[in-house]
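As structure tokens, the structure follows; a few thoughts come after it.
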Amino acid sequence: MGAISQFNWNDYLLALPITLLTLFALGILLIDLILEPEQKWVNPATALIGVAFSAAAIWNPWRTGILTYIGRSRSFGQPAMANSMVVDRFALYFFYLFLAGTAISILMSMRYMKTEHENQGEYYTLMLLSVVGMMCMASGYDIVLIFIGLELMAISTYVLVGFLRRDRRSNEAALKYLLLGAFSSGIFAYGLSLLYGLTGSTNLGEINRGLSQILARDPHNPVAIVALLTTIVGLLFKVAAVPFHQWAPDAYEGAPTCITGFMSVAVKAAGWAMLLRILLWGLLPMRSVWVPLLVFVSIATMTGANFAALTQSNTKRLLAYSSIAHVGYMLLGLIAGTVYEVSVDGVKGILIYLLVYTFMNLGAFGVITSLRHRNVIGDELDDLDGLYSRAPVEAVLMLIFLLSLAGIPPLAGFYGKYFIFLSLIETGHYALASLGVFYSVFGLYYYLKMANAMFMGQPEEKGLLPISWSMRAALAVSAIATLFIGIMPDRFIRIVNWSLGVAQSPALAKLIH
């Protein structure tokens, strides 16, 4: 009762986006009980309204100036819920990223789930509850809240991966994901418990200070090293970095295609929010240990994923390995961003990368989702053959998304890679920058392999491909964002600068104007 009595109006205001999503998720469960089969469209409509209400609630603390900026490289906002969470600019940035990815995924799901005869209300309930977990991960300043958010997101995602109950691939993927996810969560929880044992606190700020004092006395404290290694294993699993990536290709292939897109952007962004929170806010005193480790992991991730993508004939597995390769590029940004305490350029590159990746990757999965009709699953490379003759607009959009994923200017994906490689060059990591550029060019091959099938292949089916209005809306939003960010990046870069509390550099201003 003592902790509850400490809550004030600001606590509830700052937690309002999370509360609203929870209420809408539970509301969908109740509404679904009274809906006739032909009225099931109400479920995704209610989910979209819930996303809109949550976005409006996020805008309120932003607009009323409740946030404050402290320090040059990190902005701390208003602590809430007995200091277990902090709603700062960093958290708000990720909140909007989660909601944007969720809204597009809901639009992608409407026709797809109806075709699969799994158009149930609990599907959208689980999506919203997973976003609740993501928001706890992004705003958590206490490792207990972060872990609770992680498990809420993970359990919801396990069920969503296996939601196609009649599909053996979906069931198998969910089981593999569950087993590996539970194993990694156990290792992660063990690492967090060691951090609590070392510092006597679950607060990231206290953990940071406690580790600084411990390492000042004993720079090679074995318990601290074990705590770091076990914690970082759990973090790398959630972002699917090599060698903790085994779950991703199977889960991506077996899941409903719209959920594959959702996982590739929203779930991955949540993993990155948690990774950045814990490493930069809590474990920064140990950066001399985890930075060399991340160098090895990033090189292994880029190498393994790019070579594995070359041999894939399933488009969802190909994009899964592509997604893993992009994790390698973003890890390079984190390496560059921690050379001098916290260098904002590298971290800024990661945030920009996650922004552009949300739209271009969801767009690519949206086109693959639209191929599902009648008895055609549509996730093999051969299913893209002759797509231009059957759906010319979708084929052109897919080409845009693929070129953006490859980092071709002036599309949005170029700026994601540009800021990562720029931060590497500025911090003297010339070898890593060269390797990243090499693998970016290398990855262009398997993206163009998909484009070649669309424009040069011969379709097995004749006639136009049926595309629903909701899918057209999802593809339109993704394409407009991909093009708009690429052509006019300045306002989006300002948003990222705002989220980190930094001013735009003269070199950057010259680039984008």
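Sequence positions, counted from 1, serve as the residue numbers for this chain.
- Distance alone, capped at 3.5 Å, places no donor-acceptor pair between the Tyr329 side chain and the Ile420 backbone.
- For residues 241-259, the salt bridge (Lys or Arg N to Asp or Glu O under 4.0 Å) pairs, not counting sequence neighbours, are Arg169-Glu253, Lys176-Asp250, Asp250-Arg317, Glu253-Arg317.
- Applying the side chain to side chain donor-acceptor pair (under 3.5 Å) definition to pairs two or more places apart or across chains, none involves residues 129-138.
- Using a 4.5 Å heavy-atom cutoff, the side chains of Leu331 and Val295 are not in contact.
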Practice item. Start with the C-alpha distance between Ser440 and Phe421, add both sets of side-chain angles, then the distance that settles side-chain contact (heavy atoms from CB on, under 4.5 Å), and finish with yes or no. Key: CA-CA 11 Å; Ser440 295; Phe421 299 150; 3.6 Å; yes

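- The shortest distance between side-chain heavy atoms of Phe98 and Tyr93 does not fall below 4.5 Å.
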Exercise for review: For the pair Leu432 and Ile299, evaluate side-chain contact (heavy atoms from CB on, under 4.5 Å) and give the outcome as yes or no after the intermediate values.
Suggested key: CA-CA 8 Å; Leu432 289 177; Ile299 294 173; 3.9 Å; yes

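- For Asp142, the salt bridge (charged side-chain N to carboxylate O under 4.0 Å, His left out) test picks out no residue, with sequence neighbours left out.
- The two residues Thr22 and Ile18 have their closest heavy-atom pair at OG1-O, 2.9 Å.
- Nearest heavy atoms, Ser499 versus Arg89: O-CB, 3.4 Å.
- Once rounded to the nearest 0.5 Å, the distance linking CD of Glu426 with CG of Leu424 reads 9.5 Å.
- For the atom pair CZ (Phe94) and CG (Asp88), the distance works out to 10.5 Å, reported to the nearest 0.5 Å.
- A search for side-chain contact (heavy atoms from CB on, under 4.5 Å) contacts involving Asn221 returns Leu198, Ile214, Asp218, Val223, Ala224, not counting sequence neighbours.
- The side-chain heavy atoms of Leu334 and Leu275, taken from C-beta on, include a pair separated by under 4.5 Å.
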Practice item. Could you go through the side-chain contact (heavy atoms from CB on, under 4.5 Å) check for Phe188 and Val233 one step at a time? Key: CA-CA 7 Å; Phe188 184 53; Val233 164; over 6 Å; no

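- Listed for the Ser54 side chain is no donor-acceptor partner under 3.5 Å among the backbone atoms of Gly50.
- You'll find the side chain of Leu99 reaches within 4.5 Å of the side chain of Leu21, heavy atoms only.
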Review point. Would Ser423 and Lys348 satisfy side-chain contact (heavy atoms from CB on, under 4.5 Å), going step by step from the backbone distance to the final call?
Key: CA-CA 9 Å; Ser423 65; Lys348 181 166 66 177; over 6 Å; no

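- Residues Ile58 and Phe95 come closest through the heavy atom pair CD1-CB, 3.4 Å.
- When all heavy atoms of Gly101 and Ser105 are compared, the pair lying nearest together is O-OG, 2.8 Å.
- Residue pairs meeting the side chain to side chain donor-acceptor pair (under 3.5 Å) criterion with at least one partner in residues 259-273, sequence neighbours excluded, are Ser264-Asn361, Lys268-Ser323.
- Taking every heavy atom of both residues into account, Gly413 and Val356 meet most closely at CA-CG2, 4.3 Å.
- Under the side-chain contact (heavy atoms from CB on, under 4.5 Å) criterion, Ser404 pairs with Met360, Leu411, Ala412, Thr482, sequence neighbours left out.
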Report, one line per pair, each donor and acceptor closer than 3.5 Å where one atom sits in a side chain of residues 155-162; sequence neighbours left out.
from   : atom 1 : to     : atom 2 : distance (Å)
Ser156 : OG     : Leu152 : O      : 2.9
Thr157 : OG1    : Met153 : O      : 2.6

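- In this view, Thr358 and Leu97, Val265, Leu362 satisfy the side-chain contact (heavy atoms from CB on, under 4.5 Å) rule, not counting sequence neighbours.
- Sequence neighbours left out, the pairs with a member in residues 283-308 that pass ring pair (Phe, Tyr, Trp, His ring centres under 6.0 Å) are Phe307-Phe442.
- Inter-residue side-chain proximity for Leu354 and Tyr357 is flagged as unmet; no heavy-atom pair is nearer than 4.5 Å.
- Paired with Asn306 under the rule side-chain hydrogen bond (donor to acceptor under 3.5 Å, both in side chains), one option of Tyr439, Tyr445, Tyr446, Tyr321 passes, and it is Tyr446.
- Scanning for salt bridge (charged side-chain N to carboxylate O under 4.0 Å, His left out) contacts around Glu151 gives an empty result, with sequence neighbours left out.
- In this structure, Thr199 OG1 and Asn208 CG are separated by 10.0 Å, a value rounded to the nearest 0.5 Å.
- The distance from atom CG of Leu175 to atom OG of Ser170, rounded to the nearest 0.5 Å, is 11.5 Å.
- Every pair passing ring pair (Phe, Tyr, Trp, His ring centres under 6.0 Å) that includes a residue from residues 213-241 is listed here, sequence neighbours excluded: Phe237-Trp247.
- Side chain of Lys316 to backbone of Ala251: no donor-acceptor contact under 3.5 angstrom is found.
- Formation of a donor-acceptor pair under 3.5 Å by the Ser193 side chain with backbone atoms of Tyr190 is found in this model.
- Between Leu150 and Met137 the shortest side-chain heavy-atom distance falls below 4.5 Å.
- Remark: Tyr177 pairs with no residue by the side-chain hydrogen bond (donor to acceptor under 3.5 Å, both in side chains) rule, at least two apart or across chains.
- A centroid separation of 6.0 Å or more is found between the aromatic rings of Phe419 and Tyr353.
- Leu23 places a side-chain heavy atom less than 4.5 Å from the side chain of Thr19.
- Residues Cys136 and Ile148 have side chains not in contact (no heavy-atom distance under 4.5 Å, counting atoms from C-beta outward).
- From Ser212, atom OG reaches atom CE of Met286 across 10.5 Å, with rounding to the nearest 0.5 Å.
- Ring centers of Phe492 and Trp498: at least 6.0 Å apart, outside the cut-off.
- Checking Tyr447 against Ser322 by side-chain atom types alone, a donor-acceptor pair falls below 3.5 Å.
- Expressed to the nearest 0.5 Å, how far CG of Leu276 lies from CE of Met274 amounts to 10.5 Å.
- Taking all atoms of both residues into account, the shortest heavy-atom contact from Ala241 to Val297 is CB-CG1, 3.8 Å.
- Side-chain atoms of Gln312 come within 3.5 Å of backbone N or O of Ala308 as a donor-acceptor pair.
- Although no hydrogens or angles enter the test, the distance criterion places no donor-acceptor pair under 3.5 Å between the side chain of Arg277 and the main chain of Tyr141.
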